[in-house]
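One structure below.
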Amino acid sequence: MRRSHVVIESTLGLLCSLFLPVVAAAAHCQDADLIVRNAHIVTMESPQKTVTAMAVRDGKILALGSDEELAGCASVRTKVLDLQKRTVLPGLIDVHTHVMEWTKGILRGQIEAGYPTVHSISEITREVGHRATTLNSGQWILGSGWDDTKLAEQRYITRQDLDPVSPNNPVYLVHVSGHLSVANSAALERAGVTKDTPDPQGGVIERDKSGKPTGILKDTAMLLVSEVLPKDPPDIYVRAAKLISEKAAEVGLTTIHDIFISPDEMRGYQDAYQRGWLKIRVQMSPPIGSIADAEKMAEMGVHTGFGDDHLKFGAAKMFADGGMGARTIAIYPPGVIGEPDNLGVLRWKAEDMQKAHLIAAAAGWQLETHAIGDRAIDQVLDSYARVISQLGLKDPRFRIVHGGISTPAVQKRMRQLNVIVDGNPPFVYWIGSWFTKYGPGRVRWSYPAKSYIENGVIEAAGSDVDVTPLSPWWGLWAAVVRKDLQTDQVLAPEERITVQEALTLYTRNGAYAGFEEDKKGSLAPGKLADFIVVDRDVLSVPADELKDVQVLETWVGGQKIYEGPRASKLPQ
Ligand SMILES: [Zn+2]
């Protein structure tokens, strides 16, 4: 039984059955602002339902049907778009990104140390050395995106790599996982980190045999340096929000959730929205790092859903464990291969997590908690179960972010609690090599997809930018093929899903995770006119082409917000 469809359809069922909407809506369908016709419109209303025409007025969909059925919706002022059989999809939804963190990095001119830009530590040190020659002594060199598993040397970067090329400029390079960084000696000195500095709660200062820091800082230990970084110019946030809107529209995303954002970043979004720069829709998820944070959020008097269809508060975000790349996810024995005692880190004492969850949920916040290892997921599910029963919540839609090691036992509990997984389809391709460090038994249940559907767990999709690229086409492709970039091997082939199922993660299930299934996630009368035109029929192209799909046009609320270079081939 595919529960994801049952739940969502029963809600949609209030609106329509398969044929009623077209006829009923077409009857009072008139004076449309826009009619899209002669198109291959994949409505995502129910599997395989397609129509050729759609009428739009006041930012919403008026009717769907055949070209003939909708001809009467036009008046003299109606703009008619003949798409010459091109494919139209609902605007795509990414429920887990750190887009502002990413675009701020672009605006700062940070060193891009990710694959495939760089392939070795020596390339990174060359770039750092080059930057150092262009700066005054003491100025910071920042970068991000490096991944030890994709570097020729197959190891972490250390301060010893960076010190010779940048003795006088502090260097701080964040790993692609976001769960560890490397700092050179000058940066450690600025942060006051010495061999006597104790590991902070929930973090690790990696040390060599003599006890000296290697430069690698994991999880909360990263704060030691990140808190002494130079301040950004005040206008960076609003500019970053504008850049997000542009980048998202280019790849067909009309809604994104930005996770773990700061007050400055929220202000940036709000200012960009007021200036008319934010053309896509955004849900902002503020972080809770302590019980005091939860109390502060409750005192603020706003909660999930506050805002409007363009910009609103999403879920409250917490972290239960670390990352696979940093080998800090909380697992049950056996430990990481080569580190049998490493069962990862839990960031919260169970009772404290539960207290913070309870305070936030009682104040009206949807909860989303990062948990990758199965031990961490269990801790979060225990906490969710208590909060749900204590508050008597009927439809909380609490979310597990990542749900990396999702065993059958874990999935069963998710189903029982109606917990949604913010999964990451592109991880299998981009970071599948990290799964293997946890052993073949865990690879089988790493970032599953098919078993979620079979077990009735609703999964929405996230790129986790900049862990993987923003383009959802990587994730749609990876969900279908599940190939690991490094070995070209198919990881857990039983977890492959169809294109239709993968699209569901990026449309209907994304809308459901954000409590927006009455407004988006499919193309239906009354829903927001958020849709994209793509350059090929995604339902019938060979699977390998999915990653190459180009977005020709992106429309939000009936307005065209992006037109790709190849869109000119469309008759206007
Ligand atoms: Zn994330």
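Residues take their numbers from the sequence shown, with the count starting at 1. Read the numbers this way: they start at 1 and go in the same order the structure lists the ligands and their atoms.
Between R375 and D378, none of the side-chain N atoms (NZ, or NE/NH1/NH2) sits under 4.0 Å from a carboxylate O, so this pair counts as no salt bridge. Here K450 pairs with E501 in a salt bridge; the nearest charged N to carboxylate O distance falls below 4.0 Å. Residues E246 and K242 are paired through a salt bridge, judged by an N-O separation under 4.0 Å between the basic side chain and the carboxylate.
Taking the centre of each ring, F313 and W365 come in below the 6.0 Å mark.
Restricting H96 to its N/O/S atoms, the shortest distance to the Zn ion (ligand 1) is reached by NE2. Taking the Zn ion (ligand 1) as reference, D464 places its N/O/S atom OD1 nearest.
Residue H98: an N/O/S atom is found under 2.8 Å from the Zn ion (ligand 1).
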